[in-house]
Amino acid sequence: MKLRYKRLGLILGAVALVAVAIGLVLNAFQSNIVFFYTPTQIVNGEVPKETSFRIGGMVLEGSLKRQDDGLTVQFAVTDTVNVVPVTYTGILPDLFKEGKGVVAQGALDSQGRFVASNVLAKHDENYMPPEAAEALKRAKVTQSPAVQPDGSNS
Amino acid sequence: MMAIFFAVLQRDLRLAWRKPAEAATGVMFFIIVASLFPLAVNPDPVVLRGFAPGVLWVSVLLACLLSLPRVFALDYVDGALEQIMIAPQPLSLIVLAKVAAHWLTATLPIVLLSPLLGMLYGLDSHGLIVLAGSLLLGTPTLSLLGGIGAALTLGARGGGVLLSVLVLPLYIPVLIFGAGAVVASQAGLGVQAHFSLLGACFLLSFVLAPWAIAAALKIVME
Amino acid sequence: MMAIFFAVLQRDLRLAWRKPAEAATGVMFFIIVASLFPLAVNPDPVVLRGFAPGVLWVSVLLACLLSLPRVFALDYVDGALEQIMIAPQPLSLIVLAKVAAHWLTATLPIVLLSPLLGMLYGLDSHGLIVLAGSLLLGTPTLSLLGGIGAALTLGARGGGVLLSVLVLPLYIPVLIFGAGAVVASQAGLGVQAHFSLLGACFLLSFVLAPWAIAAALKIVME
Amino acid sequence: MLFTDLAFTLSPGDLLYVTGENGAGKSSLLRILAGLLTPEDGEVLWDGADIRGHGVQYRQSLLFLSHLNGLKDDLSVAENLSFAVRLTEGSVQPERIAQALNAVNLQPYLNERVGGLSQGQRRRVTLARLWLSRARVWLLDEPFVALDAASVEILKGRILQHLQDGGMTVLTTHQEVAIPAERVHRLKIA
Amino acid sequence: MLFTDLAFTLSPGDLLYVTGENGAGKSSLLRILAGLLTPEDGEVLWDGADIRGHGVQYRQSLLFLSHLNGLKDDLSVAENLSFAVRLTEGSVQPERIAQALNAVNLQPYLNERVGGLSQGQRRRVTLARLWLSRARVWLLDEPFVALDAASVEILKGRILQHLQDGGMTVLTTHQEVAIPAERVHRLKIA
Amino acid sequence: MTGINWFKYAAPQTFFHLSGKWIPVLGWIAFFLAIAGLYIGFFIAPTDFQQGEAYRIIFIHVPAAWMSMVIYLAMAFWAAIGLVFNTRLSAMMALALAPTGALFTALALITGSFWGKPTWGTWWVWDARLTSELILLFLYVGFIALHASIDNPQRADRAAAIIAIVGALNVPIIYFSVQWWNTLHQGASINVASAPKMAVTMLIGMLVMTLASWAYSVAVALFRVRCIILERERHAAWVNDLKEVKS
Ligand code: HEM
Ligand SMILES: Nc1ncnc2c1ncn2[C@@H]1O[C@H](COP(=O)(O)OP(=O)(O)OP(=O)(O)O)[C@@H](O)[C@H]1O
Ligand SMILES: Nc1ncnc2c1ncn2[C@@H]1O[C@H](COP(=O)(O)OP(=O)(O)OP(=O)(O)O)[C@@H](O)[C@H]1O
Ligand SMILES: [Mg+2]
Ligand SMILES: [Mg+2]
C-alpha cells in the first residue's frame, strides 16, 4: 500500500513538472524567438543593436528602385502596418518581386535604413497556374485590398 | 529512499575528489578548446565578440561530452555496475545520483569558469551574467541527456565517438537556446524566452532521463 | 623487418574493418561538430565563410583527438600490448604501424569528406582544394603527436580528457599553419609558406614521434 | 541455446555445485539467477513469484559475486565494503567491517587503496562481503580462483556456516573443493 | 620492497614453481623476469648478460603468459594466434595453428570470433600458443585458472614435454598441480 | 475480439511467408504510381505563377519530407512495441525502416537545398525547419550506428529502441516549426483545417508521388525484415527447410 502511494506521488510529481515545462514553452512563444524580425518590431526597437539580423516581410508595391550601377537597389519592406526602407548591393534572387515575401540579412544604419548584405526571397504556400493567379488578383482588386501578410506564417 | 541517493552521490563525489586531476583536466580542455578558435580565425576583437557565445557554448558542450563516458564506463568494466543493478533500490534514483555527481564534478567547474573566458572574448558584464546563467540552466540538461547516451553505449564498440553521435543531436536545442540567449543579450534584447525554453528542456529531461537511463542500463547489462 | 610493420598494420586495419561503424561514427562526429557552430552563432553567410577554415580545422582536430584512445587503450586493457612489448621486434616500427593504421581508418575519411563541409560553409573551389591539401599534409602529424599522448595516458585515469589536455598544445602549430593556409587562400595570398611549415612539422614528428611513443610505452607499462 | 530442460529447487540449507566444461554456461546460469540476464524461455521463481516481476523482495535476499570484483581502485578497502553494504542493506557499523576484514586476514589493509592490492587480495576484499551480508541466497561464480590455500579454507568455513544458518548457496568451480555440508546437490551442465 | 635476497639459476629441463600467499609478489616476479618491470635492485641475466641490455636475443627465446589473455574479441581464434606467432617468430603455416587448436580441443572454434567465447575457452586459446612456440623459456602466471579438469591434464602434458625437450618453465599457481618433471624447484616468496 | 490471432502474425515464420507475397505487389504499385506521379508532375501539371518550373521539385521534396517524418514515427512505434512487449518482429521492423527513413530524410534535405537556390537565393539557412530536419537525419544515423555497434541482436534492438523513442520528440518540432517560429521555409499548403492552397493537378501529382513513396517504403522495409529474419533465425529448422536456402 505504501509503495503504491509512493508511486502515485512520483507520477503526480512528474506530471506537475511536465506541466510547468509546457507552461514555460508557451511563455517563450509569447515573446517569440525568431528567424527574422518584422518591420513593426524594428519600428518598436525590438531588434538587435550592433549585430546584424534579418528582416522579413513583403516588398512594398512600387517601392523598388534600381540605381545607375545596376547592382544597388532600394526597396521597402512592410508587414502591412509599418514600413522599413532597405538598400542592397548585389544580385537579387529570381523570385524577388514587388508584393512578394522577402527576408534580408543586414543591420540598421544611423537613419533607420536597413542595409542588407544578403537578400532571400520568401514565397507563400500557394501554388497555382499563372492564369488562376491572374484571376485571383482580379477578384481581389474588385473586392477590398486586404493584402495577405506573406511575412508571417499562417 | 533518499539515503541511497546520497550514498551514491557521496561515493561518486569521493571518487572524483581522490582524482582532482580529472575534474581539472575537464576544465583545461574547455580552456584550450575555447582558445583554439581565436588562433584559427581572424582574432579581430569585434569578430571575436560575435563568436563568443557560440564558441564558448560549443566548448562547454564538448567538454561535457568528453567526460560523459566516466559516468558509467568505469563501473561497468570493474563490475560495480552489476552490483548496483541487483541492489534492492530504485535504479532511476541511483542513476540520478550518478548524473548529479557528474554534473557537480565535471560540468559545474566549467560553468563557474566560463565568465572568465567570456571576458577574454570581450563580453560585457551583462553578457557574462547571461552566459553563466544560460550555462547554469542548460548544462544539467546536457548531463541528463548525456547519461542516456553513456548508458546506451556501454559495451558497444566505438565508445566515445558513438556516444557523441548519439548525444549531439539531442544537445542541439539546448545549444540553440543557450547560445541564443547570449546573442540576444548582446543585441540588447530580452532573454526571457530563451531561459524559459532552457528551463522547459531541463524539466522534461529531469522527468524522462532517469527513467530512460535506467531502462538503457537494464538492456545493455544483459 | 618491414614484415612486422605490415603484420601490425594488417591486423589493425582488419580490426577496424570488422567494425566499420567506428570509422563511420568518427566521420559523423566531424559532420555534427562542424554543423554545431552555425547553430550557435549568427549565421550570416559572410560571417560563416570567414569562420570556415577555423571551424573545419578545429572539428577535424577534435575528431582526430576523440579517436586517439583507440590507438593503444584496447590493446592495453586486454594484454595484447604486453605481448607486443616483449616481442623481439623494434618497438618503434610497431607503433609506427599502429599510428599509420589509425590515420588510415580514423582520419583519412574525414579529410576526404572535408571539401563537402567546406562547400556548405561557402568556400570557393580554390579554398576547398587548399583545405583538403592542408588537411592531408597536416593530419598525419596529428596522428603521430597524438600517439605520444595516447601512450602516455594509458592506465592513467581521466582518460580522454587528460589526453586532450596533453595533446592539444602540441596540435596548436599544425592548426595555425593549416587554418592559416586556408585563410591565406581566401585572401588571395600564396599558401606555399604554410604548406612548407606543415611539411616540416610532419617530417619532424615522423622522425621523433615513433621513438617517443616507444619510450612512453615502456614507461607506462612498468 | 546454451541449456534446456533445467529445473531445480533450493530450500534453506541447500548447497548447489554447478559444474561443467569451459563454455558450458555456468556463468550465464548464475547471471540468470541474479536477474541480470533474461532466459529465452523459462523462469526463475522466488517464493512462488517470478523474480522479473517482484524483483525487490528477491534482490533483498540476494548476494551475487561474479568473476568481476566490483571494487573501486581509488577507494580504500573499508570504503568499498561500506558502500557495498549500504547498497543492499542500508547502513553498517565500522566495527563490522573491521571484523569482516579480520575474517579474511586483511585487517592491515583496512584503509589501504584497493588499487595497490594483488589479484588474490582483491578477491578476498570482495569475499569479505560474505561476512557482512544478511542475504539468504548466495550466488558465487568461481569464488576460489586466485585464493591461496589458507584463504580457501576460511571461505569454505564461512559457506558452511551460512548453510547451517539456513542460507542457500549456488557456486561454480573447476577445483575440487569439498564443503562438508549436509545437503549438497550437483548440477552438471553439458 | 616485495622481496629481497632472491637468487636462482635455471638450466634446460628445469621447472620452477613460484608459490606464496596472495600479494607475496609472484606476478611481480614474473613481470621482472619478462623484462616488463625493472627490479629496484639486482638483475636478471641471460647467457651471462643483463636482459635489459641484450634484450632481443632473450626476448626471442621467451614466452610470457600473464593473467591477461591478450586476445582481440573481434578477430577469429585463428587470426589471433597467427598474429601472436608473427610477432615473435615471423610466419606460421595455417596447419600448425589448426594442430595447436586441436591440442586444446578447440578445433570447432577455428574461425569463431573470440568475443563469443567463455572465460575458460579464451584461456585455452591463449594456451594454444604453447603448441606454436619455439621459445625456450616459458613464464606462466597461474596457467591453470579457469580451466576444466580435462584441459588441466592436457596443459600438464605439454609443459612436461617442453621440459623434456630441454626447455625451462617458471609458473605460479595456488592449485596443487603436480607435474612429474625430473628437476622441479620451488621458490616460496614470503 | 475479432477472433483473429494477431500474435500469429507476429511470429517471424508466419510473417516471412506472408510478406513474401506482398513485396512484389507493393513493388509494382510503387513503380507504376511513381511513373504516373512523375508524368503528372512534369508534363501535366501547370507552371506555377511565381516559381515557374522550379517548383516541380515539389513532387519529390514534399513526399520525401513527409516520409522522413512518418517513417521515424513508425520506427519509434515499432521500437516501443518491441521494448514493451518483447516481440522480436517489431524490433526487426524498426531496424528495417531506419535506412529508408534516413534515405528520405537525406532526399528531403538535398531536394530542399536544390529548390532553395533558385527560389530563396540560398542553398541553406539555419532556420528551425531546416535545422530540425537535419537533426532528424542525425537521429536516424545514431540509431543505425548504435545498432551496428552492439553484437547481440536482441540487446542492440532494445538499446536502439530507447534512442528512437527519445528522438521521436523531434518530429512534432519539425512539423510545427513553421508555425512556432518565423522561418524562411513556408507554412503547410495542406492541412486538415483548411482547403489545400494548391491547384488540383499539382495536388494530385503530389499525392500520387506520396502514395508511391509509401508503397516503396513498405516494400523495402518488408524486404529488409525478411533478410533480418533469415540472418537471425539461420539456425532455426524452418529457415533451413526453405527452398531458397536449400538450393
Ligand atoms: C534543405 C531545405 C529544406 C528542408 C530540410 C525542408 C523540409 C521540409 C519538411 C520536413 C517538410 C514537411 C513538413 C510539412 O509537411 O509541413 C517540407 C514540406 C514542404 N517544403 Fe520543404 N524543406 C526544404 C526546402 C524547401 C524549399 C526550398 C521549398 C520551396 C521553395 C520547400 C517547399 C516545401 C513545400 C511546398 C512543402 C509542403 C508543405 C505542405 O504542403 O504541407 N522546401 N519541407
Ligand atoms: N598495480 C599495483 N600498484 C601498486 N602495488 C601493486 C600493484 N599490483 C600489485 N601491487 C602490490 O604488489 C604486491 C605483489 O603483488 P603481486 O600481484 O605480484 O602478488 P601475487 O603474489 O601475484 O599475488 P596473488 O596470488 O594474489 O596474485 C602486492 O602486495 C600488491 O599490494
Ligand atoms: N559475451 C558473450 N557473447 C556471446 N557469447 C558468449 C558471451 N559470453 C559467453 N558466451 C557464450 O556462452 C557460452 C557460455 O558461457 P559461460 O561464460 O556461461 O560459460 P562457463 O560455463 O562459465 O565457462 P567457463 O568455465 O569457461 O567460465 C559459451 O559457449 C560462450 O561461447
Ligand atoms: Mg564462467
Ligand atoms: Mg598474481
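Atom set for the values below is all heavy atoms of this structure, side chains included, hydrogens, waters and symmetry mates excluded. Protein chains get the first letters and strands the later ones, always in sequence-line order, with residue 1 at the start of each.
- When atom types are taken as modelled, the side chain of Gln186(B) and the backbone of Ala52(B) share no donor-acceptor pair closer than 3.5 angstrom.
- At distances below 3.5 Å, not a single donor-acceptor pair connects side-chain atoms of Asp109(A) with backbone N or O atoms of Val115(A).
- Asp12(B) places no side-chain N or O within donor-acceptor distance of the main-chain N or O of Leu15(B), the cut-off being under 3.5 Å.
- Checked against the 6.0 Å centroid threshold, Tyr76(B) and Phe72(B) do not count as a close aromatic pair.
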Sequence neighbours left out, cut at 3.5 Å: what donor-acceptor pairs do the side chains of residues 111-122 of chain B make with other protein atoms?
from, atom 1, to, atom 2, distance (Å)
Ser114(B), OG, Val111(B), O, 2.6
Tyr121(B), OH, Ala34(B), O, 2.3

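- Residues of residues 142-149 of chain B never come closer than 4.5 Å to chain A when only heavy atoms are counted.
- Contact annotation for Phe195(B): neither backbone nor side-chain heavy atoms come within less than 4.5 Å of a heavy atom of chain A.
- Remark: Phe5(B) CZ is packed, more than 12 non-hydrogen atoms of other residues, nucleotides or ligands lying under 6.0 Å away.
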